[in-house]
Amino acid sequence: MRYAQGGGCTPRSQVERERVRMLAADGFARGEKNTVIAKELRVSVRSVERWRRYWREGGRGALCTSGPAKRPKVGDRDFAVLEPLLLEGAMAQGWADERWTLSRVHLLIADQLGVSLSIRGVWELLRRHGWSCQQPARRALERDDAAVAGWVKEAWPKAKPPRRRSGHGWSLRMKPPSR
């Protein structure tokens, strides 16, 4: 069974899956065939074969759930070390401005904790601990609206690509035949 977006079972679904495996173990003890058990429990025969092998090797205990598939690399204690550094600001950590980007937090985690996370893993860590992406509440005092408007009228048209000319075009990407 694949888990498209979640990456694994929820605790409730783990308990349900374990219940199905225990029903299969009861079938193994009664000597039922794999196909009968699979049809009764509405699972694949292959899963039942795998469960039977585990059951033979370790009994019912081998079919118990082993908990979450993956524990986070950065736990609550590690984040307690990291959070004061984040609250001090990016400039206190050596960057030129106060913006905390995911890449910067990634580097901070690598330097302080010695753990390598993906950018998505950094985002999930921050979100799990109540951090969110922030937008400025108001515009900067230094902003010059007249300069911005002038740039939009003068510099932007030069920077953007020219419009396609109107008229007949060719549907094929080749030159028209010469006469």
Side-chain angles (χ1 to χ4, degrees), residues 1-18 20 42-44 46-47 50 65-179:
M1 183 174 189
R2 298 276 185 232
Y3 307 99
Q5 297 298 324
C9 291
T10 63
R12 176 178 279 165
S13 61
Q14 282 181 339
V15 169
E16 177 58 28
R17 299 287 295 170
E18 183 176 355
V20 170
R42 299 180 65 189
V43 295
S44 70
R46 229 177 169 158
S47 292
R50 187 176 61 248
T65 186
S66 58
K70 189 174 183 182
R71 304 239 183 262
K73 287 183 178 180
V74 179
D76 292 339
R77 287 185 186 165
D78 294 331
F79 194 78
V81 171
L82 189 66
E83 192 165 25
L85 300 174
L86 292 171
L87 291 172
E88 286 177 5
M91 289 180 76
Q93 302 306 321
W95 281 287
D97 58 6
E98 278 297 329
R99 290 179 300 138
W100 274 120
T101 63
L102 292 175
S103 298
R104 289 177 177 183
V105 176
H106 174 262
L107 291 173
L108 183 69
I109 291 170
D111 289 343
Q112 296 296 321
L113 304 176
V115 176
S116 177
L117 295 176
S118 65
I119 297 297
R120 180 178 176 150
V122 170
W123 170 240
E124 290 174 1
L125 170 72
L126 292 173
R127 202 177 62 207
R128 189 169 56 243
H129 289 278
W131 288 68
S132 65
C133 61
Q134 297 292 312
Q135 298 294 328
R138 58 189 181 280
R139 292 196 174 179
L141 294 174
E142 299 85 13
R143 181 181 167 109
D144 184 5
D145 289 327
V148 171
W151 182 87
V152 168
K153 285 182 182 175
E154 295 170 16
W156 175 241
K158 294 175 188 172
K160 74 178 183 180
R163 293 182 58 189
R164 293 180 62 194
R165 62 179 184 193
S166 61
H168 298 294
W170 294 92
S171 61
L172 299 175
R173 291 187 179 216
M174 61 169 83
K175 293 181 180 178
S178 59
R179 296 184 187 203

Undergrad: How long is the gap from CZ on Arg99 to CE on Met91, to the nearest 0.5 Å?
TA: 12.0 Å

Undergrad: For the residue pair Val148 and Arg143, what are the closest heavy atoms and their distance?
TA: CG1-NH2, 4.1 Å

Undergrad: Can you tell me if His106 uses its side chain to pair, donor with acceptor, with the backbone of Leu117 under 3.5 Å?
TA: yes

Undergrad: For Thr101, enumerate each residue passing the side chain to side chain donor-acceptor pair (under 3.5 Å) test, keeping only those at least two apart in sequence or located in another chain.
TA: none

Undergrad: Does the pair Arg120/Glu124 count as a salt bridge with the N-to-O cut at 4.0 Å?
TA: yes

Undergrad: Quick one: CG on Leu82 to CG on Leu87, what's the gap to the nearest 0.5 Å?
TA: 9.5 Å

Undergrad: For the CG atom of Leu102 and the CG atom of Leu126, what is their distance to the nearest 0.5 Å?
TA: 6.5 Å

Undergrad: Which pair of non-hydrogen atoms, one from Gln112 and one from Leu85, has the smallest distance, and what is that distance?
TA: CG-CD1, 3.4 Å

Undergrad: Passes side chain to side chain contact (heavy atoms under 4.5 Å, CB included), Val20 versus Glu16? Steps please.
TA: CA-CA 6 Å; Val20 170; Glu16 177 58 28; 3.9 Å; yes

Undergrad: Check the angle between the aromatic planes of Phe79 and His129 and answer parallel, tilted or perpendicular using the 30° and 60° thresholds.
TA: parallel

Undergrad: Step through the shown structure and confirm whether more than 12 heavy atoms of other residues, nucleotides or ligands are within 6.0 Å of CG on Asp76.
TA: no

Undergrad: Tell me the closest heavy-atom pair linking Val115 and Ile109, and the distance in Å.
TA: O-CG2, 3.6 Å

Undergrad: Within this structure, what is the CD-CG distance for the pair Gln93 and Asp111, rounded to the nearest 0.5 Å?
TA: 9.0 Å

Undergrad: Do Trp100 side-chain atoms and Leu86 backbone N/O form a donor-acceptor pair below 3.5 Å?
TA: yes

